[in-house]
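Treat the numbers as computed from the prediction; the structure is a model and nothing was measured. Computation of the quantities below employed the complete heavy-atom set of this structure, encompassing side-chain atoms and omitting hydrogens, waters and symmetry-equivalent molecules.
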Amino acid sequence: MKPKVVLTATAAALGAVAAHDLTQKKHSLMRNFPVLAHARFALEEIGPELRQYIVTGNDEERPFSRDQRSWIYASSKLENNYTGFGTDNDIENSEYVIFKQHTFSDAVPPTAIHAGEHVWVPSPKVLGGPRGRRDAFRPNSCVNISAMSFGSLSGNAIAALNAGAKLAGCLHNTGEGGLSQHHRQGGDLTLQIGTAYFGCRDDTGRFNLDKLMKVVESAPVRAIEIKLSQGAKPGLGGMLPAAKITKEIAEIRGIPMDKDCASPSRHAEFSGVDGMLDFIEKIAQATGKPVGIKSAVGDLHFWERLVEEMRSGSRGVDFVTIDGGEGGTGAAPLVFSDAVSLPFRVGFARVYKLFAEAGIQDNVTFIGAGKLGLPDNALVAFALGADMVNVAREAMLSLGCIQAQKCHTDRCPTGVATQSKWLSRGLDPELKSVRVANYIRTLRRDLLKVSEACGVWHPAMLDADDVEIMDGNRSGRPLREVYGYEPTWGGLSGRIRDEIVAAMSAAGPHGGSAPPSAGAH
């Protein structure tokens with residue numbers, strides 16, 4: 001095509017755009033600045049990408065910084081995830097945590113880059129043991145995959161997560177969207193029951209115990225979690241538009257395809273702590289599985305009532321999953337993501353203290369969630385009293401998520417959070433399952449190395465004296481002081497501590513020094 005023709009066609013196209021812009025009334029910027037306004041909209045559209053790759057520093061971006069994402073990506077590919085030339089964090093002016101290493105210790109971490117990745121790092125507590133559940137067990141991993149539903153994530157993403165859970169020997173939470181074929185890749189499951197009772201409801205949406213039993217018996221379900229709320233949108237229900245409901249999703253959830261699917265903000269089977277505990281005991285007796293609850297933390301009255309009811313020991317939850325109000329994988333109104341519910345550390349500490357004050361913290365497995373897939377955040381959670389941590393967004397990053405923040409649009413460019421067949425085909429479940437497993441093993445390895453550097457055999461043995469919150473390079477406060485913990489709170493005690501020390505000292509990798517000389521002291 002001749003240049004003159006090209007110029008003529010280009011001018012005609014721009015003229016048509018200008019005519020449209022000048023006559024439309026929807027956008028005043030386009031009406032006042034025809035053609036040029038489109039450049040502004042284009043820059044606005046790719047603004048997140050520009051900031052992500054060009055503008056922001058290594059530690060500036062949220063919710064995950066470039067350094068954090070790079071560590072997860074490298075870990076999932078078994079690449080070198082070490083850093084050189086010292087920290088690039090602003091330690092002179094920012095608040096940050098430090099872990100106090102011990103000069104002498106019986107627990108000695110090995111130094112090889114990949115040492116410890118295949119070490120057994122279980123939960124320090126037997127899930128369901130204190131309440132004598134028929135199928136009580138000790139989870140094989142203190143790091144597990146958090147609740148993300150099929151429907152929110154693609155089938156390929158769910159399949160990769162479950163297969164990765166099998167490879168890493170950890171639990172995979174189904175999320176409230178039901179147990180799909182994609183969850184059946186061999187990984188052990190925690191079945192989540194939400195307010196809509198997806199997968200265990202009758203035709204009118206009511207909870208159905210018989211259907212729950214069939215689901216539990218059809219897959220390797222090890223525990224059941226009653227979801228009260230989540231950090232992304234605490235106290236708020238959800239809505240799946242009819243346009244996004246596929247035949248597969250409808251069958252798994254037990255919902256019609258031609259209607260918007262609402263997840264209520266509250267449960268219909270109970271309206272208080274007393275009824276909730278009856279519901280939990282009914283499910284535990286029928287299935288034999290440990291049963292717990294998941295919730296973000298707001299008003300403490302619920303937790304105070306729960307602790308009061310559990311004092312007698314006649315009824316109770318087997319585990320408590322505390323989700324941080326920092327938000328998570330669920331799409332939510334901005335105000336809920338930004339300003340509803342307590343952040344993880346504050347919320348978890350307040351709940352744990354109630355159980356500790358009542359002297360029943362050893363009877364409950366505490367699970368933390370909310371950006372705990374990074375070693376420093378996870379270790380603080382363990383020091384505050386967590387026995388296990390769940391990872392969600394970090395697991396998505398190990399799948400290939402690039403933090404495009406388009407989860408709510410169904411246009412996830414990497415095929416993780418979408419139901420688009422075209423986009424999800426780009427995610428290879430077989431390859432990505434290995435990367436999920438690599439990431440989880442590497443996280444456990446780093447947790448183990450820091451724990452042993454601090455003189456203990458297991459991350460849950462850290463207590464609130466092993467961590468300080470630094471105010472720049474001016475001063476620091478022990479975690480115990482910051483959150484008002486008593487001396488015996490946060491770590492493990494008595495028989496639980498002895499059991500995990502015996503297990504880890506036998507299984508854990510050992511480092512140390514060169515052989516001692518004859519005159520060594």
Report summary line: Nearest heavy-atom contact between Leu447 and Ala378 is CD2-CB, 3.8 Å
Query raised in the report: Is Gln185 reaching over with its side chain to a backbone N or O of Gln181, donor-acceptor style, under 3.5 angstrom?
Result: yes
Query raised in the report: Is there a side-chain contact (heavy atoms from CB on, under 4.5 Å) between Asn390 and Ile145 once you walk through the steps?
Result: CA-CA 5 Å; Asn390 286 347; Ile145 298 173; over 6 Å; no
Report task. Decide whether Ser493 and Asp362 meet the rule of one side-chain donor and one side-chain acceptor closer than 3.5 Å. Result -> yes
Query - For Ser149 against Gly177, the heavy-atom pair lying closest together - result: OG-N, 2.9 Å
Query raised in the report: Which pair of heavy atoms, one from Pro139 and one from Leu171, lies closest together, and at what distance?
Result: CB-CD1, 4.2 Å
Query raised in the report: Can a cation-pi geometry be assigned to Arg480 and Tyr485, taking NZ or CZ under 6.0 Å from the six-membered ring centre and within 45° of the ring axis?
Result: no
**Report entry** Exercise: do Glu225 and Thr321 side chains pair donor with acceptor under 3.5 Å
**Finding:** yes
Query raised in the report: Have Lys227 and Gln230 got a donor and an acceptor in their side chains that come within less than 3.5 Å?
Result: yes
Query raised in the report: Taking the side chain as C-beta and beyond, is there a heavy-atom pair between Leu379 and Phe99 under 4.5 Å?
Result: yes
Query - Nearest heavy atoms of Val364 and Val317, plus distance in Å - result: CG2-O, 4.2 Å
Query raised in the report: Which is it for Leu306 and Ile293 under the side-chain contact (heavy atoms from CB on, under 4.5 Å) test, yes or no, and what are the steps along the way?
Result: CA-CA 11 Å; Leu306 176 59; Ile293 58 173; 3.9 Å; yes
Query raised in the report: Checking Arg444 side chain against Val143 main chain: does a donor-acceptor pair fall under 3.5 Å?
Result: no
Report task. Would you mind checking if Glu309 and Arg305 are paired as a salt bridge, meaning a charged N to carboxylate O distance below 4.0 Å? Result -> yes
**Report entry** Any donor-acceptor N/O pair, Ser505 side chain to Val501 backbone, under 3.5 Å
**Finding:** yes
Query raised in the report: Would Asp465 and Leu479 count as a side-chain contact (heavy atoms from CB on, under 4.5 Å) if you check the C-alpha gap in whole Å, the side-chain angles of each, and the deciding distance to 0.1 Å?
Result: CA-CA 6 Å; Asp465 289 320; Leu479 202 66; over 6 Å; no
Query raised in the report: Side chain of Tyr352, backbone of Gly490: donor and acceptor closer than 3.5 Å?
Result: yes
Query raised in the report: Does a sphere of radius 6.0 Å around NZ in Lys211 hold more than 12 heavy atoms from other residues, nucleotides or ligands, not counting ones at 6.0 Å or beyond?
Result: yes
Query raised in the report: Charged N to carboxylate O below 4.0 Å: is that the case for Arg222 and Asp135?
Result: no
Query raised in the report: Rounded to the nearest 0.5 Å, what separation is found between the CD1 atom of Ile496 and the CE atom of Met461?
Result: 12.0 Å
Query raised in the report: Is Glu176 salt-bridged to Lys294, going by a charged N under 4.0 Å from an acidic O?
Result: no
Query raised in the report: Hey, does the side chain of His458 reach the backbone of Ala460 with a donor-acceptor pair shorter than 3.5 angstrom?
Result: yes
Query raised in the report: Checking side chain to side chain donor-acceptor pair (under 3.5 Å) against Asp318, which of Arg131, Lys289, Arg133 comes through?
Result: Arg133
Report task. Please confirm whether Phe319 and Phe366 have ring centers closer than 6.0 angstrom. Result -> no
Requested in this report: Kindly indicate, with the supporting measurements, whether the criterion side-chain contact (heavy atoms from CB on, under 4.5 Å) is fulfilled by Val320 and Ile367.
Outcome: CA-CA 6 Å; Val320 169; Ile367 304 172; over 6 Å; no
Query raised in the report: Between Lys100 and Asp466, does at least one N-O distance fall below 4.0 Å, as a salt bridge requires?
Result: no
Query - Minimum heavy-atom distance Ser180-Ile158, with the two atoms named - result: OG-CG2, 4.4 Å
Requested in this report: May I ask you to say whether Arg477 pairs ionically with Glu95, meaning some side-chain N is under 4.0 Å from a carboxylate O?
Outcome: no
Query raised in the report: If you count the non-hydrogen atoms of other residues, nucleotides and ligands that lie under 6.0 Å from CD in Glu430, is the total more than 12?
Result: no
**Report entry** Residue pair Val126 / Phe137, side-chain heavy-atom distance below 4.5 Å
**Finding:** no
Query raised in the report: Do you know which two heavy atoms are closest between Leu462 and Cys454, and how far apart they sit?
Result: CD2-CB, 3.7 Å
Requested in this report: Would you confirm whether Tyr197, through its side chain, and Glu269, through its main-chain N or O, come within 3.5 Å as a donor-acceptor pair?
Outcome: yes
**Report entry** Passing option when Ile193 is tested against Ile224, Val291, Val215, Thr174 for side chain to side chain contact (heavy atoms under 4.5 Å, CB included)
**Finding:** Ile224
Requested in this report: Check whether the side chains of Arg393 and Ser146 place a donor and an acceptor atom closer than 3.5 Å, and report yes or no.
Outcome: no
Query raised in the report: Which residue, Ser70, Ser75, Ser76, forms the side chain to side chain donor-acceptor pair (under 3.5 Å) with Asn81?
Result: Ser75
Report task. Indicate yes or no for a side-chain donor-acceptor contact from Arg445 to the backbone of Val119 under 3.5 Å, with no hydrogens or angles considered. Result -> no
Query raised in the report: Given side chains that start at C-beta, do those of Leu179 and Arg184 come closer than 4.5 Å, heavy atoms only?
Result: yes
Query - Side-chain donor-acceptor pair present, Thr195, Arg266, cut-off under 3.5 Å - result: no
Report task. Please work out which of the three classes, parallel, tilted or perpendicular, describes the rings of Phe207 and Phe279, given edges at 30° and 60°. Result -> perpendicular
Report task. May I ask you to test the Ser141-Trp120 pair for a side-chain heavy-atom distance under 4.5 Å? Result -> no
Query raised in the report: What do the steps show when you test Lys353 against Glu357 for salt bridge (Lys or Arg N to Asp or Glu O under 4.0 Å), and what is the final call?
Result: CA-CA 6 Å; Lys353 285 165 64 175; Glu357 287 168 350; 5.7 Å; no
**Report entry** Pair Asn162, His172: side-chain N/O donor-acceptor within cut-off below 3.5 Å
**Finding:** yes
Query raised in the report: Side chain of Arg138, backbone of Pro124: donor and acceptor closer than 3.5 Å?
Result: yes
Query raised in the report: Are side-chain heavy atoms of Leu189 and Asn173 found at a separation under 4.5 Å?
Result: no
